[in-house]
Enquirer: 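Handing you a structure now.
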2 protein chains.
Amino acid sequence: MMKKLGIIAGGGHLPRQLIDGCRAQGRPFAVVGLKDFALPDSIGGDVGLWIRLGEAGKAVKFFHEQGVEEIVMIGPVRRPSLFQLRPDWWTAKFLAKIGFKAFGDDHLLTSVIKYIETEGFKIIGVHEVLGDILATEGVFGKIKPDAQALADIEHGVKIALGLGALDVGQSVIVQQGIVLGVEAVEGTDALIKRCKDLKRDGLGGVLVKTKKPQQEQRADLPTIGVSTVENAVASGLRGIAVQAGKTLIVDRSAVVAKADELGLFVVGIKIQE
Amino acid sequence: MMKKLGIIAGGGHLPRQLIDGCRAQGRPFAVVGLKDFALPDSIGGDVGLWIRLGEAGKAVKFFHEQGVEEIVMIGPVRRPSLFQLRPDWWTAKFLAKIGFKAFGDDHLLTSVIKYIETEGFKIIGVHEVLGDILATEGVFGKIKPDAQALADIEHGVKIALGLGALDVGQSVIVQQGIVLGVEAVEGTDALIKRCKDLKRDGLGGVLVKTKKPQQEQRADLPTIGVSTVENAVASGLRGIAVQAGKTLIVDRSAVVAKADELGLFVVGIKIQE
């Protein structure tokens with residue numbers, strides 16, 4: 001029998017995809033939904049426990065009771081201030097131990113994972129459950145990047161990795177060699193939307209999304225989906241480049257179909273880290 | 001007699017301040033206004049020639065006729081696409097020579113300066129004309145940064161210098177250790193405004209603005225003014241930190257008065273480059 005999977009569900013549609021994947025594989029699972037992040041309409045029927053972000057102790061207890069052995073953390077979570085967090089005892093102990101004020105997002109996630117594993121669970125990446133969820137290398141649909149787009153991708157990769165090394169963000173939009181915008185906490189969709197008003201005439205820009213070099217691969221990998229494609233086209237972009245093997249694609253066939261329909265290229269690129 | 005100063009005027013209020021400064025010093029000057037950037041209401045009466053960004057050849061000719069020896073480039077200019085530029089002969093030669101597509105903003109400015117100097121002019125920084133325009137070290141007004149603010153400033157300086165090294169932007173907003181936003185081409189005001197919706201509860205964030213390490217000091221230094229202070233307060237920020245000796249302050253006494261009035265700190269910090 002397959003090990004029971006604990007799912008800590010944040011925002012977006014990946015939690016739904018993971019739950020469906022478990023069901024298709026006949027893998028038992030138990031879901032903890034994060035209030036204000038996980039979408040009740042999408043996964044509400046499968047959530048066994050709803051918690052605030054500060055109630056990690058409740059999740060640990062729930063997963064123990066459910067006989068969970070492995071845990072996947074999936075879906076974006078906006079990092080709160082300590083004030084908003086209102087931590088329970090387990091969470092407060094954890095925050096005190098790691099020194100909450102002194103780190104960026106990557107350190108936080110790595111620490112969360114280590115600490116949860118001291119409770120006897122094993123944290124795994126979603127790609128260890130859903131084999132086809134990682135971006136592959138090469139062009140996804142029918143449209144290929146041209147020479148200007150390839151130059152913009154190359155520049156964007158350099159910038160995105162530099163930003164990532166500073167633990168700032170994963171995404172950058174480049175048009176004709178100009179960096180139109182870089183992502184911090186606002187998220188990729190907001191980045192794409194504001195670049196609509198920043199773009200120049202002529203050939204449109206490219207969204208480049210990479211994993212931060214030191215980023216914990218078992219949580220919070222860069223993600224794109226159909227809405228990323230739609231937003232990119234609405235903002236005048238010509239394509240999306242993601243890091244092959246390190247980016248999650250929500251519903252790849254729908255992404256490819258939408259990109260072909262709207263005339264956008266999507267390409268997975270190999271990056272030496 | 002003082003050398004005649006050529007002023008290439010971009011946006012904002014610094015061109016006005018420079019013109020007033022020349023007049024107060026009895027220094028002769030000739031102003032070229034950049035269409036779509038320089039503010040006619042502010043400096044229109046002093047502009048001797050209006051040009052598009054692509055008409056650098058006209059400016060060179062005008063300055064020669066006017067007997068200009070030194071030139072100051074002042075006020076922000078949004079970099080256009082080649083399509084928007086419609087270059088004249090001088091500009092086209094220049095662009096061909098430097099390989100227009102292959103560089104970022106810093107390289108562009110450095111090249112512009114070198115090329116203009118081959119025409120026999122000397123490009124100088126605005127601070128060589130207006131002695132009191134650079135930010136000094138230390139707290140400007142009555143309000144001082146507290147410990148959390150100092151930690152956020154320190155983190156922000158690290159990020160801003162890292163971004164600058166990538167030739168992306170100069171500004172970053174940090175709140176309680178979280179990088180809320182980083183600036184690319186949108187400009188500091190737009191960065192501040194969008195961080196209003198990204199901020200967390202509790203102690204507000206800090207705007208940190210530094211010179212990019214490789215940035216040409218004779219053009220395009222980071223700048224703040226009264227509107228920066230007003231926007232910062234409107235977005236819930238608690239303070240502004242700028243690089244001492246490398247940041248232009250538009251109307252310092254007004255900036256200090258507004259910061260004191262609205263309860264914001266402004267501090268100049270020494271950075272080892």
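Each chain gets a letter, A, B and so on, in the order its sequence line appears, and its residues count up from 1.
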Enquirer: Does a sphere of radius 6.0 Å around NZ in B:Lys144 hold more than 12 heavy atoms from other residues, nucleotides or ligands, not counting ones at 6.0 Å or beyond?
Expert: no

Enquirer: Closest heavy-atom contact between B:Glu186 and A:Leu180?
Expert: OE1-O, 4.1 Å

Enquirer: Minimum heavy-atom separation for A:Gly181 and B:Ala184, please, with both atom names.
Expert: CA-CB, 3.6 Å

Enquirer: Taking the side chain as every heavy atom from C-beta outward, state whether B:His155 and A:Leu166 have any pair of such atoms under 4.5 Å apart.
Expert: no

Enquirer: Under the salt bridge (charged side-chain N to carboxylate O under 4.0 Å, His left out) definition, can you give me all pairs with a residue in residues 169-182 of chain B, not counting sequence neighbours?
Expert: none

Enquirer: Do you know the tightest heavy-atom contact between A:Leu163 and B:Leu163?
Expert: CD2-CD2, 3.3 Å

Enquirer: Taking atom CD as the centre, does A:Glu117 end up with more than 12 heavy-atom neighbours from other residues, nucleotides or ligands that are less than 6.0 angstrom away?
Expert: yes

Enquirer: Show the numbers, then the answer: is there a side chain to side chain contact (heavy atoms under 4.5 Å, CB included) between B:Ile159 and A:Val168?
Expert: CA-CA 8 Å; B:Ile159 303 291; A:Val168 172; 3.6 Å; yes

Enquirer: Quick check on B:Lys196: does its NZ atom have over 12 non-hydrogen neighbours (other residues, nucleotides or ligands) under 6.0 Å away?
Expert: no

Enquirer: Under 4.5 Å between any side-chain heavy atoms of B:Val185 and A:Ile178, yes or no?
Expert: yes

